[in-house]
*Asks:* 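My structure is below; once you've seen it, I'll send some questions.
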Amino acid sequence: MKLSKLFFRTLKEVPGDAEAISHILLLRAGYIRRLGSGIYTYLPLAKKVLLKIENIVREEMININSQELLLPALQPKEIWEISGRWKKYGPELMRFKDRHDKEYALGPTHEEVITDLINREVSSYKQLPISVFQIQTKFRDEIRPRFGLMRSREFIMKDAYSFHRNEEDLDVTYWDMFHAYEKILNRMGLNFKSVEADSGAIGGSVSHEFMVLTPYGEDKILYCSSCSYAANLEKASSSYEPFDTRDFAEMDIVSTPNAKTVDEVSKFVGVDQKYILKSLMYKIEGEPTMIILAGDDELNEVKLKNAFGGKEISMMTPDEIKQKLDLSVGSIGPVKVNNIKLICDKRVCVENVSFYAGANKDGYHFKNVYFKRDFYSDNIFDLRVSKAGEFCPHCGAKLVESTGSEAGHVFKLGTKYSEPMKAYFKDENGKEKPFEMGCYGIGISRLLSIVVEQHHDEFGIIWPATLCPYQVIVIPANVKDENQLNTAEMIFHELRDRGISVLFDDRDDRAGVKFKDADLLGIPIKIIIGGHFSKSGLIEIKIRRDGSSNLVPPDEASVYVSLKLRQLI
RNA sequence: CGGGGUGUAGCGCAGCGGGAGCGCACCUGCUUUGGGAGCAGGGGGUCAGAGGUUCAAAUCCUCUCACCCCGACCA
């Protein structure tokens, strides 16, 4: 491809609304352009990279016997009503009416469509398992699109679905997918962690997210500095330094005027925050419930919700607490409350530890409050937000926190969709059973961004050799020098004939401009025919990633480059 | 949806009652040619839109629209 003919343009200045480095570089290098909020055009360079991403994904899917198909993006309302998600999915679902006033959604995901299809086509256990995938544009009416391609309203995704006769069979495919995802991300040269995740709106039991470590990620993860443990912050657990124990002392009431928060009480009585019990009032399915945590901990609402099977939970307002329970925030505590349900984080459920706790009387706290002796609950769960610096639940090494961006997500759905959609097959005994399902997504267009987040420097993008839009760029420093131009053209043709994808910078620009553009675009190898060539007849081959360069005779260029390319992969 | 902000040339911005400007990009010419060149000349605008105040509005007021940031939300 001659650069003079390539539909692209690089920008020196950064469009004001770009913040993430990947967004800035993809705009500056002429890969993407914004059409509206969260809507982007992929220019030819980006399309080439997308195809490479897709093909890596495609290969690994086919490797584990998943078959490619293409489902409709346009989906009638009815199918979403059967699964119950027309109501449940919320405003993120792009909806509209056609001219007959019939309602539709633009698919954000395809569980309904595929379950319906498989139900129609598959009726016997003999046809199972079956695994299918598609690469398609999806739509989500995101509350707030962000960071360019990282969170957009129209995006490209690979989603796969599998159907099984039982859980054991699902388990096999689930882990096949899991390992395929690892391979895919490794082939793209990404540094990532697979984490245990909350399954959120899609539902199901087991779920892992593939988090790529990036500064502009929207999720926080904790991972072990030693073993492979990693988890989404909302799911992470940890072990921690034990409390100091003390023999029982008599409980006492102390005046704590104007000390309401844990911090204030801690300062007033001169005791570390962790020895002050934090008592929070929540409504769980309407029932007022007191939640007890150590003072320096924060409640993890996701853990709370999961502990109660996904029931509706909400924090009570100070007014509600006053009206319904005649307690005021700042002096609430678990001691001597009989009519309120009590839930404890397991960290505070240890004997021989002396706590302070609200006395349920304005301006007073109890001291020497002991678990079991002074407060007790059967409802003991891990409810706290784990923190960096605490210890891995598997191996005990320190946990590290990082932000990450979700590149992929695998779920075991079980019968969450097949049951309500009455998607059944006949088992060996002729009995009707719902399909056991799994679903597996990878954000194709998001990966374009994620890869740039991890592969760039101050000069621009540095594509891994597996994803570059072109492998080599041939640069005659001065196109008016016929000797340079002819040699460059010869090398260009030779490389092309070897099946190497190559750009030829035939533009009548100064060398500096061409170098800057080549670096910005992120082409792995530059071949420069310029000053060195005119002096010594040697051409320069420069590697984008480390800036190293070598001088070789022109007729050895193509061999040298093919060799280098193999090393770069 | 709440809070904050911005809409002026393709991009980045200044101007904030009286001439629509600067830098980059673009076009022409000459020079230059190894890390985003120099000089000279040139084209490009419904100052987001509608209404209002004023002798006079990009500038002040009202409404609408679009976009961005923070938060709530989130396969």
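To find a chain, count down the sequence lines: A is the first, B the second, and so on, and within it residues start at 1. What you are looking at is a predicted structure, and each value in this text was computed from that prediction instead of being measured.
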*Asks:* At under 4.0 Å, does any side-chain N or O of A/Arg146 touch on OP1 or OP2 of B/C70?
*Replies:*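 For B/C70, OP1/OP2 do have a side-chain N/O of A/Arg146 under 4.0 Å.
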*Asks:* When the distance from NE2 of A/His208 to C1' of B/A75 is rounded to whole Å, what number comes out?
*Replies:* 17 Å
*Asks:* Going by the rule ring pair (Phe, Tyr, Trp, His ring centres under 6.0 Å), which residues pair with A/Phe210 if we only count those two or more places apart in sequence or in a different chain?
*Replies:* A/Phe178, A/Tyr181
*Asks:* Taking NZ, NE, NH1 and NH2 as the nitrogens, is one of them in A/Asp297 or A/Lys278 under 4.0 Å from a carboxylate oxygen of the other?
*Replies:* no
*Asks:* Could you measure between the two C1' atoms, the one in B/G17 and the one in B/U59, and give it in whole Å?
*Replies:*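 It works out to 6 Å between them.
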*Asks:* Nearest heavy atom decides the nucleotide; on that basis, is A/Met157 or A/Asp517 closer to the 5' end of RNA chain B?
*Replies:*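 It is A/Asp517, whose closest nucleotide lies nearer the 5' terminus.
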*Asks:* Determine the interatomic distance between C1' on B/C11 and the same-named atom on B/G52; round to the nearest Å.
*Replies:* 34 Å
*Asks:* Would you state whether a donor and an acceptor, one from the side chain of A/Lys516 and one from the base of B/G34, lie under 3.5 Å apart?
*Replies:* no
*Asks:* So, under a plain 3.5 Å distance rule, would you say the side chain of A/Arg140 forms a donor-acceptor pair with the base of B/A75?
*Replies:* yes
*Asks:* With no hydrogens and no angle check, is any side-chain donor or acceptor of A/Tyr31 less than 3.5 Å from a backbone partner on A/Leu521?
*Replies:*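 Yes; at least one donor-acceptor contact below 3.5 Å.
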*Asks:* Going by distance alone, is a donor N or O of one side chain under 3.5 Å from an acceptor N or O of the other, for A/His23 and A/Ser449?
*Replies:*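 Checked: A/His23/A/Ser449 side chains show no N/O donor-acceptor pair below 3.5 Å.
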*Asks:* Is it true that A/Glu60 and A/Arg187 have a side-chain N and a carboxylate O under 4.0 angstrom from each other?
*Replies:*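 Salt bridge present between A/Glu60 and A/Arg187.
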*Asks:* Applying a 4.0 Å non-hydrogen cut-off, can you work out what A/Asp481 is touching in the nucleic acid: base, sugar-phosphate, or nothing?
*Replies:* nothing
*Asks:* Given atom CD of A/Glu209 and atom C1' of B/A75, what is their separation to the nearest angstrom?
*Replies:* 9 Å
*Asks:* Scan every strand shown for a Watson-Crick or G-U wobble partner of B/G2, both distances under 3.5 Å, and answer none if you come up empty.
*Replies:*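 Paired with B/G2, as far as the under-3.5 Å criterion goes, is B/C70.
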*Asks:* With a 3.5 Å cut-off and just heavy-atom distances, do the side chain of A/Arg151 and the base of B/C74 make a donor-acceptor pair?
*Replies:* yes
*Asks:* Base, sugar-phosphate alone, or nothing: which one does A/Lys138 contact when heavy atoms must sit under 4.0 Å apart?
*Replies:*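 A/Lys138: no heavy atom of the nucleic acid under 4.0 Å.
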*Asks:* For A/Glu540, report the nucleic acid contact type (base, sugar-phosphate, nothing); a contact means any heavy atom under 4.0 Å.
*Replies:*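 If one applies the 4.0 Å heavy-atom cut-off, A/Glu540 turns out to touch a base.
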*Asks:* Below the 4.0 Å mark, does B/G36 have OP1 or OP2 next to a side-chain nitrogen or oxygen of A/Thr10?
*Replies:* no
*Asks:* From CG of A/Asp509 over to P of B/G34, roughly how many Å is that when rounded to an integer?
*Replies:* 13 Å
*Asks:* Scan A/Arg28 against the nucleic acid and name what it touches under 4.0 Å (heavy atoms): base, sugar-phosphate only, or nothing.
*Replies:* base
*Asks:* Taking for each residue the nucleotide of RNA chain B bearing the nearest heavy atom, is the 5' side occupied by A/Ala511 or by A/Ser37?
*Replies:*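 It is A/Ala511 whose nearest nucleotide is closer to the 5' end.
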*Asks:* Restricting to nitrogen or oxygen on both sides, can you table the protein-nucleotides 21-24 of chain B pairs closer than 3.5 Å?
*Replies:*
from	atom 1	to	atom 2	distance (Å)
B/G23	N2	A/Glu13	OE1	2.5

*Asks:* Please classify the nucleic acid contact of A/Lys542 as base, sugar-phosphate, or nothing, using heavy-atom distances under 4.0 Å.
*Replies:*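 Since a base atom lies under 4.0 Å of A/Lys542, the category is base.
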*Asks:* Taking only N and O in the side chain of A/Arg144, is any of them less than 4.0 Å away from OP1 or OP2 of B/C69?
*Replies:*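 Yes, such a contact exists.
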*Asks:* Surrounding NZ of A/Lys88 (heavy atoms of other residues, nucleotides or ligands, distance under 6.0 Å), is the total greater than 12?
*Replies:*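 Open: at most 12 neighbouring heavy atoms sit under 6.0 Å from NZ of A/Lys88.
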*Asks:* Is there any side chain to side chain donor-acceptor pair (under 3.5 Å) pair reaching into residues 526-539 of chain A, and which pairs are they, with sequence neighbours excluded?
*Replies:* A/Gln484-A/Ser534, A/Asp519-A/Lys526
